[in-house]
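Note sheet for the following structure.
Values in this document were obtained by computation on a predicted structure and should not be read as measured data.
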Amino acid sequence: MSLTSFRLNGKTALVTGSHRGLGSAIAFALAQAGADVACHGRANDPGTICTQIQSLGRRCAYFSADLAEPDACSTLIQNTVAEFGSLDILVNNAGIIRRSPAADYPHEDWDQVISIDLTAVFRLSQLAARQMFKQGTPGKILNIASVLSFQGGILVPAYAAAKGGVVQLTRAFANEWAAKGINVNAIAPGYMATDNTAALRNDPVRNRAILDRIPAARWGDPADLAGAAVFLCSPASDYVHGHVLVVDGGWLSR
């Protein structure tokens, strides 16, 4: 097999939640593999990601949107196609987390987490698939799940429910779209050093308990997802459908 099967030259990717953290690392990795990238975040300021991508000689655009808003998903897809002329890869990475005991979990937190972490994944995937069908070209959709897709977690019932749903959406979409040339897969990261885990890493007791269970003996770095993301967005994974690739330092094997 040639390494060219991992190249993304001539492809356009949209990576949600790529202002920083996991999404930023994935967006940069796709650009390194040759893709032009539409980046997204809630902040109006794109930060450094577009500059980093453009330094590779790739095109980049940044779109600000709150995915909890009703029209945000369709606008994001439309803006990407208008800017680049096509959409070949969608990475559903954007997500939030809210922590509270289940018995006291605020309804507004539940609604917001489900809206961004699950409903937006459905809407964006549906819209991206329609665009790919229209183009008549193969496409890739990569969802970012979590080890909490398989576990209940602590104090995060909405997040666990949403990420469990992401895995099931991945499989449901793959069942319908594989024969139409669209690969739908997911990555389930373990405990990664991002803003979402700052509270855990800053808690000496929780931090130690988590590290003691990870065979790799460290928190994951966003760059640890780069290889998995490029593989699942490239021709190298053309016969991989409905798969959830766990990148967790061995957490689930413990």
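- Looking at residues two or more places apart in sequence or on another chain, you find no salt bridge (charged side-chain N to carboxylate O under 4.0 Å, His left out) involving Asp71.
- Ring pair Tyr239/His241 is perpendicular by interplanar angle, where above 60° counts as perpendicular and below 30° as parallel.
- Listed by chain and number, the residues in a side-chain hydrogen bond (donor to acceptor under 3.5 Å, both in side chains) with Asp212 are Arg208 (sequence neighbours excluded).
- Partners of Arg20 by salt bridge (charged side-chain N to carboxylate O under 4.0 Å, His left out), not counting sequence neighbours, listed by chain and number: Asp195.
- Scanning for salt bridge (charged side-chain N to carboxylate O under 4.0 Å, His left out) contacts around Lys140 gives Asp238, with sequence neighbours left out.
- When each of Val246, Leu142, Asn143 is tested with Ile187 by the rule side chain to side chain contact (heavy atoms under 4.5 Å, CB included), just one qualifies, namely Leu142.
- Qualifying side-chain contact (heavy atoms from CB on, under 4.5 Å) partners for Ala103, counting only residues two or more places apart in sequence or in other chains: none.
- Taking the salt bridge (charged side-chain N to carboxylate O under 4.0 Å, His left out) definition, one finds that Arg7 meets it with nothing, sequence neighbours left out.
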Could you list the donor-acceptor pairs under 3.5 angstrom formed between side-chain atoms of residues 106-123 and any protein atom two or more places apart in sequence or on another chain?
residue : atom : partner : partner atom : Å
Asp117  : OD1  : Ile96   : N            : 2.8
Thr119  : OG1  : Ile114  : O            : 3.4

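- In this structure, His40 contributes its side chain and Val15 its backbone to no donor-acceptor pair below 3.5 Å.
- Listed by chain and residue number, nothing satisfies the side-chain hydrogen bond (donor to acceptor under 3.5 Å, both in side chains) test with Thr194 (two or more places apart in sequence, or in another chain).
- Side-chain contacts under 4.5 Å among hydrophobic residues (ILVMFWY), followed directly or transitively, place Leu155 together with Ile154.
- Side chain to side chain, Asn93 and Ser18 fail the donor-acceptor criterion of an N or O pair below 3.5 Å.
- When the side-chain contact (heavy atoms from CB on, under 4.5 Å) test is applied to Arg58, the partners found at least two apart in sequence or on another chain are Ala31, Asp36, Ile53, Leu56.
- Every residue meeting the side-chain contact (heavy atoms from CB on, under 4.5 Å) condition with Ser146, not counting sequence neighbours, appears here in chain and number order: Leu148, Ser149, Tyr159, Lys163.
- Judged as a ring-ring contact (aromatic ring centres under 6.0 Å, His included), and not counting sequence neighbours, the contacts of Tyr191 are Trp219, Trp251.
- More than 12 heavy atoms of other shown residues, nucleotides or ligands fall within 6.0 angstrom of atom CG in Asn9.
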